[in-house]
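Chain A is the first sequence line, chain B the second, and so forth, proteins listed ahead of strands; every chain is numbered from 1.
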Amino acid sequence: MEEDLKNGRYKQIITRFPPEPNGYLHIGHASSICLNFGLTKKYGGYTNLRFDDTNPATEETEYVESIKEDVKWLGFEWKHELYASDYFDQLFEYAKKLIKKGLAYVDDSTSEEMAAQKGTPTEPGKNSPYRNRSIEENLDLFERMEAGEFPDGSRTLRAKIDMAHINMIMRDPVLYRIKHEHHHRTGDKWNVYPMYDMAHGQSDAMEHITHSICTLEFVPHRELYDWLIEKLEIYPSHQYEFARRNINYTVTSKRKLMQLVNEKYVAGWDDPRMSTISGLRRRGYTPESIRDFCDRIGVAKRENMVDVGLLEFCVREDLNKKALRRMVVFDPLKLVITNYPSGNAEEYLETENNPEDEKAGVRKIPFSNELYIEREDFMENPPKKYFRLAPGQMVRLKSAYIIKCDEVIKDASGNVTELHCSYIPESRSGNDTSGINVKGTLHWVSVKHAITAEVRLYDRLFKVEDPTDEAGDFKDYINPESLHVVAAAFAEPELKNAKFEERYQFIRKGYFTLDKDSSTSGIVFNRTVTLKDSWKPAPAATGKKEGK
RNA sequence: UGACCCAUGGUGUAAUGGUAACACUACUGAUUUUGGUUCAGUCAUUUAUGGUUCGAAUCCAUAUGGGUCAACCA
């Protein structure tokens, strides 16, 4: 499409990203951002960031700031930062031009009366009794609407098109309405505000937007978009539509996201379970992974439901290259190495920070005779093909030694409290001369060197693929286990120096990032995504692993 | 029961009248000091019926299915 247009029709492509500042951007907007900015980056040209702030009742500066931050974070630069409200003077003139051409009139009907006049998709509408006012009277009334002489809702300016039009959008649509409301940018200057249709295409025209890209629900508006451009005799921008991207197990609707925030189902717009850009950012998603995701899902006009698994694939792929490997035990089981010197004996073992990236370097990790391993990495009566620790079995401790489980210690009620193992001194990582081969490798931390950290494990926010498609309220389908907090996980000491800019892979546990709730008194990590896990204990035994 | 938009493996997207493909998922196997990564492979696709054409996913018609439109929201 763009290539044809480049053949002489336009010298350059100009697009715009037009958010309404009444909420935070979500993953669906990311698609639109990547499309609009990506197109002009590819074909040459530029993209404006234009806030569609024509409704002062719902719009706030807080949202403007968050939107700018999110677009920048995603890695895009806009040419001009603009606001539909910048054009209010010009738009008002445009409205008067329509009146003068006999193409718009002031209507005193109430919204109920107007709805009744409108007809239905299968029946034509009826003309408003105010439809044939004189140009002079319309002009006078419209000026007085602006002057603040009339209360909210008492009058509107409507286009004079055709109340029997097959396209209901064309049945004398409202162009301007009275609102004595404080606007986040123009303050109390205006008493009338343009509707979307009276502002969007006109703003596009003023900016010489060549491709005004929006979602499918605006298809019927295109006829009005073109009509206004024609009658106003302004730059002929063109509107193109694509289907919004839906992702399963979440919602991408500002209204619904706001409900989750206001009704405290989540901690805020940037709760890591939210589909907002700020939520994904806090969760540990990278801009690269989100852009890659948007590229992969593409654009089309058909209804769609993208698998969240693809988003997870994209972030795993990116993080695998970037994340520093660390060892953290979530649910500790103490392990004593009986043939290793006790007391203050320790040694520092070298291990790579990222096997996928030599430049990431190496670090030292402390080893001693008392370690923690993951409780789930031991089974007293293992099924076959269990590669982890079990009585009499051997495993490798990552970057350390091969150990053998000699004895299982239990408390009075039979719970396993401790494991006694022996290590093979010749099996030390890097210069293993033992000749022993083991299938399993476990992560571990030294008890006396470990630090504690809070770890927040997230799962999908909804239990069903499409909560808006289910009976009843979408909030009835919230996954009660979407957040699992490990209050005190045991981490290798290196993590004391965790940084917000760095990404981590806790070996065998997933990808993690430092959360903003971290303070000097305690550090907090968010799990971005689990590692892919192809281990299945037994047919139909434990089912799906958490977070997958 | 009006108009408009849409229909390609489980999912998403290509194929511009000329061999239906790519990615994700799932499943095999190899490698692996992460049951990760990597590598090799397997399963699986044009909604239906007609028509035009030497040739149709593509063009036409009809049907079916899904979506949108009756806010002083965007």
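- If you measure from atom OH of A:Y83 to atom C1' of B:A74, you get 17 Å, rounded to the nearest angstrom.
- In this structure, CG of A:D307 is placed 13 Å from P of B:U13, rounded to the nearest angstrom.
- Counting any heavy atom pair closer than 4.0 Å across all strands shown, A:H221 reaches a base atom.
- Going from atom CG of A:N304 over to atom P of B:A7 covers 12 Å, rounded to whole Å.
- In this model, no side-chain donor or acceptor of A:H165 finds a partner on the base of B:A3 within 3.5 Å.
- Contact check on A:E288 versus A:K321 returns no salt bridge, with no Lys/Arg side-chain nitrogen under 4.0 Å from an Asp/Glu carboxylate oxygen.
- Rounded to whole Å, atom P of B:U25 lies 16 Å from atom CD1 of A:I297.
- Here A:R245 reaches the OP1 or OP2 of B:U13: one of its side-chain N or O atoms lies under 4.0 Å away.
- Across all strands, A:F218 comes closer than 4.0 Å to base atoms (heavy-atom distances).
- If you check B:U25, B:A74, B:C5 against the side chain of A:D52, the one that comes closest is B:A74.
- For the pair A:L310 CG and B:A23 P, the interatomic distance rounds to 13 Å; values are reported in whole Å.
- A salt bridge does not link A:K532 with A:E312: every distance from a Lys NZ or Arg NE/NH1/NH2 to an Asp or Glu carboxylate oxygen is 4.0 Å or more.
- Salt bridge absent: A:D295 and A:R291 never bring a charged side-chain N and a carboxylate O closer than 4.0 Å.
- A:N353 and A:R326 share a donor-acceptor pair across their side chains, judged by distance under 3.5 Å alone.
- Listed by chain and number, the residues in a salt bridge (Lys or Arg N to Asp or Glu O under 4.0 Å) with A:R396 are A:D432 (sequence neighbours excluded).
- Under the 6.0 Å cut-off for aromatic ring centres, A:F92 and A:W190 qualify, their centroids lying closer than that.
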Short heteroatom pairs, N/O only, protein and nucleotides 70-73 of chain B, under 3.5 Å:
from: B:C72; atom 1: N3; to: A:G153; atom 2: O; distance (Å): 3.2
from: B:C72; atom 1: N4; to: A:S109; atom 2: O; distance (Å): 3.2
from: B:C72; atom 1: N4; to: A:G153; atom 2: O; distance (Å): 2.5
from: B:C73; atom 1: OP2; to: A:R177; atom 2: NE; distance (Å): 3.1
from: B:C73; atom 1: OP2; to: A:R177; atom 2: NH2; distance (Å): 2.8
from: B:C73; atom 1: O3'; to: A:R177; atom 2: NH2; distance (Å): 3.2
from: B:C73; atom 1: O2'; to: A:N55; atom 2: ND2; distance (Å): 3.4

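- Screening residues 154-182 of chain A for ring-ring contact (aromatic ring centres under 6.0 Å, His included) gives A:F142-A:Y176 as the qualifying pairs, with residues at least two apart or on separate chains.
- Note on residues 105-121 of chain A: pairs passing salt bridge (Lys or Arg N to Asp or Glu O under 4.0 Å), not counting sequence neighbours, are A:D107-A:R158, A:D108-A:R133, A:D108-A:R155.
- In this structure, A:I247 places its CD1 atom 12 Å from P of B:U13, rounding to the nearest Å.
- For A:Y225 and A:F218, the distance between ring centers is not under 6.0 angstrom.
- In summary, A:R185 and A:D86 engage in a salt bridge, as defined by a charged side-chain N under 4.0 Å from a carboxylate O.
- Rounded to an integer number of Å, the gap from A:E217 CD to B:U68 C1' is 9 Å.
- Taking A:H443 as the reference, A:E374, A:R508 meet the side chain to side chain donor-acceptor pair (under 3.5 Å) condition, with sequence neighbours excluded.
- The salt bridge (Lys or Arg N to Asp or Glu O under 4.0 Å) test applied to A:E62 returns no partner, not counting sequence neighbours.
- Distance CZ (A:F293) to C1' (B:U13): 12 Å, rounded to an integer number of Å.
- Partners of A:E465 according to the side chain to side chain donor-acceptor pair (under 3.5 Å) rule, which considers only residues two or more places apart in sequence or in another chain, are A:N248.
- Using a cut-off of 4.0 Å between Lys/Arg side-chain N and Asp/Glu carboxylate O, A:E376 and A:K509 are scored as salt-bridged.
- A ring-centre distance under 6.0 Å is not found for A:Y94 and A:Y87.
- Here A:K398 pairs with A:E352 in a salt bridge; the nearest charged N to carboxylate O distance falls below 4.0 Å.
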Is there any protein nitrogen or oxygen under 3.5 Å from a nitrogen or oxygen in nucleotides 20-22 of chain B, and what are the pairs?
none

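- Among residue pairs with one or both ends in residues 292-330 of chain A, those qualifying as ring-ring contact (aromatic ring centres under 6.0 Å, His included) are A:F330-A:F512; sequence neighbours excluded.
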Polar pairs (N or O, both sides) under 3.5 Å between protein and nucleotides 64-67 of chain B?
from: B:G67; atom 1: O2'; to: A:E303; atom 2: OE2; distance (Å): 3.3

Strictly under 3.5 Å: I want the nitrogen or oxygen pairs between protein and nucleotides 28-38 of chain B, one per line.
from: B:U33; atom 1: O2'; to: A:K398; atom 2: NZ; distance (Å): 3.3
from: B:U33; atom 1: O2; to: A:S399; atom 2: N; distance (Å): 2.9
from: B:U33; atom 1: N3; to: A:S429; atom 2: OG; distance (Å): 2.3
from: B:U33; atom 1: O4; to: A:R396; atom 2: NH1; distance (Å): 3.1
from: B:U33; atom 1: O4; to: A:S429; atom 2: N; distance (Å): 3.2
from: B:U33; atom 1: O4; to: A:S429; atom 2: OG; distance (Å): 2.5
from: B:U33; atom 1: O4; to: A:G430; atom 2: N; distance (Å): 3.2
from: B:U34; atom 1: O2; to: A:Q505; atom 2: OE1; distance (Å): 2.9
from: B:U34; atom 1: O2; to: A:R508; atom 2: N; distance (Å): 3.0
from: B:U34; atom 1: N3; to: A:Q505; atom 2: OE1; distance (Å): 2.5
from: B:U34; atom 1: O4; to: A:R325; atom 2: NH1; distance (Å): 2.3
from: B:G35; atom 1: OP1; to: A:R508; atom 2: NH1; distance (Å): 2.8
from: B:G35; atom 1: O3'; to: A:S534; atom 2: OG; distance (Å): 3.3
from: B:G35; atom 1: O2'; to: A:D533; atom 2: OD1; distance (Å): 3.0
from: B:G35; atom 1: N7; to: A:R388; atom 2: NH1; distance (Å): 2.6
from: B:G35; atom 1: O6; to: A:F387; atom 2: N; distance (Å): 3.0
from: B:G35; atom 1: O6; to: A:W535; atom 2: NE1; distance (Å): 3.3
from: B:G35; atom 1: N1; to: A:K385; atom 2: O; distance (Å): 3.1
from: B:G35; atom 1: N1; to: A:W535; atom 2: NE1; distance (Å): 2.8
from: B:G36; atom 1: OP1; to: A:S534; atom 2: OG; distance (Å): 2.7
from: B:G36; atom 1: N2; to: A:E356; atom 2: OE2; distance (Å): 2.8
from: B:U37; atom 1: O2'; to: A:N320; atom 2: ND2; distance (Å): 3.3
from: B:U37; atom 1: O2'; to: A:E356; atom 2: OE1; distance (Å): 3.1
from: B:U37; atom 1: O2'; to: A:E356; atom 2: OE2; distance (Å): 3.4

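- When base pairs are accepted only as Watson-Crick or G-U wobble with both N-N or N-O distances under 3.5 Å, RNA chain B takes part in stems of 3 or more pairs at B:2-7 with B:64-69, B:10-13 with B:21-24, B:26-30 with B:38-42, B:47-51 with B:59-63.
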